[in-house]
Number of protein chains: 2
Amino acid sequence: MAQDRNTEELIIEAAKKIFVQRGLAGARMQDIADEAGINKAMLHYYYRSKEKLFEIVFNEALGRIIGRLGQIAIDGELPLEQKIRGLVESYIAGVAETPYLPIFVINEINQRPDLLVQRMQSLSGFSNIMSFMKDVIEAGKRGEIKQVSPIQLFLNIVSMCIFPFAAKPLVQGVLQLDNVQFNLVIEERKKLVADVILAWLKP
Amino acid sequence: MAQDRNTEELIIEAAKKIFVQRGLAGARMQDIADEAGINKAMLHYYYRSKEKLFEIVFNEALGRIIGRLGQIAIDGELPLEQKIRGLVESYIAGVAETPYLPIFVINEINQRPDLLVQRMQSLSGFSNIMSFMKDVIEAGKRGEIKQVSPIQLFLNIVSMCIFPFAAKPLVQGVLQLDNVQFNLVIEERKKLVADVILAWLKP
DNA sequence: CTTTGCATTAACCAAATGGTTAAATCAAAT
DNA sequence: ATTTGATTTAACCATTTGGTTAATGCAAAG
């Protein structure tokens, strides 16, 4: 079950699956080895410790979540409305590809905030977010949109995009939605979330 | 350090703190015992197993989160706008009292969705949520608000109220907010989130 | 064919962990 | 004072878990 592909990659793939599913504390090295179809000792041969392996998986996940946030300011030329519509749609679509990443990242950061602090500066999306906020302030001054706190705008967008995934089982339980219905709701949100934000921003 | 108060309560208090902080997999019985200032064996004397103790803590936390959601439909006489303003304010205030509960509950449900299914029916807030949804549909038909999916309305409110807490360290890291600034942002949201929702609902 | 160096495995280890037990302590009733 | 029942403790146990090691497999270079 393990011969074909590169062993290192096999391990990372397996580690991703197990860590994201169970978290650092809940993940077992044996389970990762089983998932990869190899011996447990191989994990330590290629990646020294559970911690090291976890850091690789976590940092990639964090980059994926925050990196996506960076998309918030691309397409600098478009009017803010188009920018927001495009952002929401692509962000929801992006998160939907790996719906369990947000809760994994959020939870691990919650237990060890230092995981974030280390990587903050080096993450690409960061400066884009700042320039987006400046855009919002400028547009507000020009009267194109209502004057709002860019931080709150940012929080509102991210909340409505990510939370339904982070709380997916809770949402499905409370609202009695099967997977098909849940996906329909998500699909509808790609437009709807932007509608909500833009209605609020109307001057 | 343990004599004064009821031992059972001391244990529950300690278990709450440790479980909410580290999750089921990350919590150690010894840590709970230390936190309560008692012997580890006492945990098993009063509550048979880690699982049993966890269930008590988790169910109370779940009730607190979902129970609050039930507030969504109280004050049945008020107009929908007042209802929503009151709901958002009290919900954010409620979550702010125990900001780490959402991520705890969400994360544990994520790893064991059965935890939710068991308790769903018996949770009080549930029927209130349903009746709130009917109210929304009625108000939409009467033209008091725009006709929107009550599920989406519900998701939007809950997302904007809960997510900032669930992702608190991530939010603080990305937006460079210290605790004081974070609390100010939250305070501002008690009104702002309702503004966003009501702007969207305007017919 | 032999050597060399990486890859892989099985067996093993020490520490941690959830749980148990038998003895001791304590408070109230007799 | 003694008995009785619940409470508390220290020592112990079996299993799990992250990690190590020594031996083996194996493919390419000599």
*Asks:* CG of A/D34 versus P of D/dG18: gap in Å, rounded?
*Replies:* 12 Å
*Asks:* List, with names and distances, any nitrogen or oxygen atoms from the protein found under 3.5 Å away from nitrogen or oxygen atoms belonging to nucleotides 4-7 of chain D.
*Replies:*
| residue | atom | partner | partner atom | Å |
| --- | --- | --- | --- | --- |
| D/dT7 | OP2 | B/Y45 | OH | 3.1 |

*Asks:* Does anyone know the first and last nucleotide of DNA chain C in reach of chain B, 5' to 3', at under 4.0 angstrom to a heavy atom?
*Replies:* C/dT17 to C/dT21
*Asks:* Just wondering, are more than 12 heavy atoms of other shown residues or ligands nearer than 6.0 Å to NZ in B/K134?
*Replies:* no
*Asks:* Enumerate the residues from residues 14-29 of chain A whose closest heavy atom to DNA chain C is under 4.0 Å, giving them by residue number; use none for an empty result.
*Replies:* none
*Asks:* Go through the structure and list residues passing ring pair (Phe, Tyr, Trp, His ring centres under 6.0 Å) with B/F163, not counting sequence neighbours.
*Replies:* none
*Asks:* Among all residues two or more places apart in sequence or in another chain, which pass the side chain to side chain contact (heavy atoms under 4.5 Å, CB included) test with B/E188?
*Replies:* A/S149, A/Q152, B/L192
*Asks:* Find out whether A/V95 and A/P102 are in side-chain contact, i.e. whether some heavy atom of one side chain is under 4.5 Å from a heavy atom of the other.
*Replies:* yes
*Asks:* Just by modelled atom types, is the B/A139 backbone N or O under 3.5 Å from a matching donor or acceptor in the B/E144 side chain?
*Replies:* no
*Asks:* Please check if the side chain of A/N59 supplies one atom and the backbone of A/E55 the other of a donor-acceptor pair under 3.5 Å.
*Replies:* yes
*Asks:* Starting at atom NE2 of B/H44, determine the distance to atom C1' of D/dC13, rounded to an integer number of angstrom.
*Replies:* 13 Å
*Asks:* My understanding is that only residues two or more places apart in sequence, or in another chain, count here; which of them pass side-chain hydrogen bond (donor to acceptor under 3.5 Å, both in side chains) with A/Q21?
*Replies:* none
*Asks:* Sorted by first residue and then second, give each ring-ring contact (aromatic ring centres under 6.0 Å, His included) pair with at least one member in residues 164-192 of chain B; sequence neighbours left out.
*Replies:* none
*Asks:* Tell me, which of residues 47-61 of chain A have any heavy atom that sits under 4.0 Å from an atom in DNA chain C?
*Replies:* none
*Asks:* Closest approach of A/R189 and A/V88, non-hydrogen atoms and distance?
*Replies:* O-CG1, 4.2 Å
*Asks:* Going by heavy atoms in the side chains, are B/E60 and B/I56 under 4.5 Å from each other?
*Replies:* no
*Asks:* Decide if atom NZ of B/K146 counts as having more than 12 heavy atoms of other residues, nucleotides or ligands within a radius under 6.0 Å.
*Replies:* yes
*Asks:* Excluding sequence neighbours, so at least two apart, what forms ring pair (Phe, Tyr, Trp, His ring centres under 6.0 Å) with B/F58?
*Replies:* B/F54
*Asks:* Roughly what angle, to 10°, lies between the helix axis at the start of the helix from C/dC1-D/dG30 to C/dT30-D/dA1 and the one at its end, five pairs per end?
*Replies:* 10°
*Asks:* Taking all heavy atoms of A/P169 and all of B/L116, pick out the closest pair and write down the distance.
*Replies:* O-CD2, 3.5 Å
*Asks:* I need the full list of salt bridge (Lys or Arg N to Asp or Glu O under 4.0 Å) pairs touching residues 85-106 of chain B, with sequence neighbours left out, sorted by first then second residue.
*Replies:* B/E81-B/R85, B/R85-B/D195
*Asks:* Could you state the NZ-P distance from A/K40 to D/dT16, rounded to the nearest angstrom?
*Replies:* 13 Å
*Asks:* Which side-chain hydrogen bond (donor to acceptor under 3.5 Å, both in side chains) pairs, counting each pair once, include a residue from residues 22-46 of chain B, with sequence neighbours left out?
*Replies:* B/K17-B/E35, B/R22-B/D31, B/Q30-B/D34
